[in-house]
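Have a look at the structure below, then the notes.
The sequence lines fix the lettering, A, B, ..., with proteins before strands; numbering per chain opens at 1.
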Number of protein chains: 2
Amino acid sequence: MARTTEPLDSKKPSSRKQRGATTILDVARRAGVSPMTVSRVVNGEKNVRPATRAAVLAAVKALSYSPNPAARSLAGAEAARIGLIYSNPSAAYLTEFLVGALDEASRTSVQIMLEKCEATSAGERGAVRKLLASGAAGVILPPPLCESHDVLDELKITGLPTVAVATGRFGKEASCVRINDYAAAREMTNYLLGLGHRRIGFIKGHPNQTASIEREKGFLSALAEAGIKHDPVLMVQGYFSYRSGLDAAETLLTLKQFPTAIFAANDDMAAAAVSVAHRKGLDVPRDLSVVGFDDTSIATNIWPELTTIRQPITAMAEIALDLIVQAIRTHKRNGEAKSVDHLVTYSLIKRGSAAPPNLPKTQPKPAAE
Amino acid sequence: MARTTEPLDSKKPSSRKQRGATTILDVARRAGVSPMTVSRVVNGEKNVRPATRAAVLAAVKALSYSPNPAARSLAGAEAARIGLIYSNPSAAYLTEFLVGALDEASRTSVQIMLEKCEATSAGERGAVRKLLASGAAGVILPPPLCESHDVLDELKITGLPTVAVATGRFGKEASCVRINDYAAAREMTNYLLGLGHRRIGFIKGHPNQTASIEREKGFLSALAEAGIKHDPVLMVQGYFSYRSGLDAAETLLTLKQFPTAIFAANDDMAAAAVSVAHRKGLDVPRDLSVVGFDDTSIATNIWPELTTIRQPITAMAEIALDLIVQAIRTHKRNGEAKSVDHLVTYSLIKRGSAAPPNLPKTQPKPAAE
DNA sequence: CCGCTAGCTGGTAACGCTATCAATATATCG
DNA sequence: CGATATATTGATAGCGTTACCAGCTAGCGG
């Protein structure tokens, strides 16, 4: 009676042409479980013991397994299509984000539909509708769209599962994947304070993104905690773009009492600040320390390389995709899925753009506490 | 002897969900033939009697049968998985490239597998093998990998169809999608000459990419044609990175007789040149014109915006995907597909970073022709 | 009229995955 | 502590199609 269950071993003539691709069976064998269990893990179902899941995941990674979408759709699972709307974040950010999303997409074999949209209300709503029309079962929103009320509203009407990435705060309209911007900004500020800086300029991010606000709050909180009375002229508005950073840095560096350090709310603006400083004959970091936020590729493509907060963008995109896939699944079964808030860890990366202040120069003695 | 062949009638509990679609089996039943014969007819094979063929065709029409692509690809090993290897091009470039590739991928429902690789020989070869192991049936190579001998060699061994994007020249190892770098560089140079520039600095691209060389040749050719004897100190080596552009521009702008314009072989280096110029107190474009190449997002994210050559990156990625899909198809049937060279049109985009030279200043009178 | 080669046609077995349900392990409870 | 719930895993059976090969039907030379 065991005759039907022996396809796995030796006597396999394997008449048909051998295609190299690793199959679910290879993974199962390697992980020491049944193909069914692998399927469950890959599809993010929950009734799998953590240890088993880990073993499977390891095997998946080791064999770089990617499910065959044809087989999957044949077997009855519809191919999940998920939409990804972007407007114009920094190119560096988007690239890393896409890489993560795509990688995970090929692992779980979901189809990603990209949709670019204009930054207008109509453009944003239009993009959502278009995605919907193409059969998206869920939507991922990288910044800055993750905070657009137009997009969020439109999405809420449709009831589609949504995951926002890198918002500053968790709101229940959508699940989100983010770091603790507040804490990260505090940590960076404390680092600068530890280096001896007392007069620190801050270039704010775009005002309608909560992440900007959290970063600003973190900065101010660290300052307050250190007992430093903050000079409001040192807070300059920026909009996350390189260009806006140029203007902001210009403002900061024409101040009568200018700062010994500048903390920009993202790397693009920090890079701009470095450029302005150079243009004014200031050496970074000798005359001015500059730090950024995000650790996108621009951080290491300029000189000196930027001390910054590393956000694991690629990983965040992967997580976002996972969340959305799960959400779609529950959405399909139960109908109701509650939003989750997924915090990932950031880290402070020390590079060459920050150093202790070089006080003697044209600088008046800072009024330290 | 007919006992094994009765799954078609009555006693079918049909446990699984019933999807309405008519299958090859329905057609076979209706035409009174076996599914296999229907398959043959549908696929236009020849060994079918005309009468049989007609009957099948009639049944197909009557039931408006259309083959299930998933099943077809599963059975026929028509694995439409294509690999995309990247190392580290500029972030802006990769983003646009991915956008195009993905868009086309979802349109033709092929699966894209991304693979990042280190810029070492081992890394590159490893990436190819990994892709192969995951069942890639073809590979797309964006720059700079499109010229890596390691990758190309490894690919040649496997015999996988390959499409290189944005190489400078067409080589028969792979199909390619590109612009005419030589002509584009010529056109840009002529534009600068037309503005009145006579002393033009050139920041070269990475020496092991043919596109760099073509651009350089186009530049020199335009100069020669205009009867300008070129000063070799105005040609500086760059490597396509922002950082290398910084060094190159520094070199150019500390020359005793420095140029009134700088033509960088890509936008990143041009952006760096702008930054260096600013740092030296030079106004762009009043004191120095700077032009780039590619029209990636950095071109419009700095100030002044860059006059540059627009490469339709997104469209090129789409075309590349199309070519590879076609190549895979022929590869599977005949075994031999010859490489094609697909040229797309570029365009010169005039923005704010170039203007007629402002001779009087600290500049010695240029030794025009 | 027989043995044979060709030409058609059909049977069988995958392709790689998941739905379903049975089996087993673990947890909960009276 | 046994028994009943619950969580986890596995076995089986297709999903719709094509590859491969065996069988059958004619057509043909001898």
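Shown here are the side-chain contact (heavy atoms from CB on, under 4.5 Å) partners of P161(A), two or more places apart in sequence or in another chain: I324(A), A327(A), I328(A), H331(A). Residues passing the side-chain contact (heavy atoms from CB on, under 4.5 Å) test with T167(B), sequence neighbours excluded: C146(B), E147(B), A164(B), C176(B), R178(B), T210(B). When the side-chain contact (heavy atoms from CB on, under 4.5 Å) test is applied to A55(A), no partner is found at least two apart in sequence or on another chain. With sequence neighbours excluded, the residues that form a side-chain contact (heavy atoms from CB on, under 4.5 Å) with P312(A) are I179(A), A315(A), M316(A), V344(A).
Rounded to an integer number of Å, the gap from CG of L74(B) to C1' of dG14(D) is 12 Å. Put simply, CD on E45(A) is 12 Å from P on dT9(D), counting in whole angstrom units. For the pair M36(B) CE and dC24(D) C1', the computed distance is 17 Å after rounding to whole Å. Between R40(B) atom CZ and dA19(D) atom C1' there is a gap of 10 Å when expressed in whole angstrom units.
A heavy-atom distance below 4.5 Å is found between the side chains of V56(A) and V33(A). Under the 4.5 Å side-chain criterion, counting only non-hydrogen atoms from C-beta, L141(A) is not in contact with Y86(A). Taking the side chain as every heavy atom from C-beta outward, L25(A) and R29(A) approach each other to under 4.5 Å. Two residues are said to be in side-chain contact when any heavy atoms from C-beta on lie closer than 4.5 Å; L63(B) and R30(B) meet this criterion. Counting heavy atoms from C-beta on, the side chains of F97(A) and L84(A) come closer than 4.5 Å.
The phosphate of dG7(C) has neither OP1 nor OP2 within less than 4.0 Å of any side-chain N or O from N47(B). Proximity of S34(A) to the phosphate of dG10(D): a side-chain N or O atom is located under 4.0 Å from OP1 or OP2. In this structure, R72(B) does not reach the dG16(D) phosphate: none of its side-chain N or O atoms is under 4.0 Å from OP1 or OP2. The phosphate of dT9(C) has OP1 or OP2 within less than 4.0 Å of a side-chain N or O from R49(B). For the pair T37(B) and dG10(C), the criterion of a side-chain N or O lying under 4.0 Å from OP1 or OP2 is met.
Taking five base pairs at each end of the helix from dC1(C)-dG30(D) to dG30(C)-dC1(D), the local helix axes there meet at an angle of 40°, rounded to 10°.
Residues from residues 51-61 of chain B lying near DNA chain C, meaning a heavy-atom separation below 4.0 Å, are T52(B) in numerical order.
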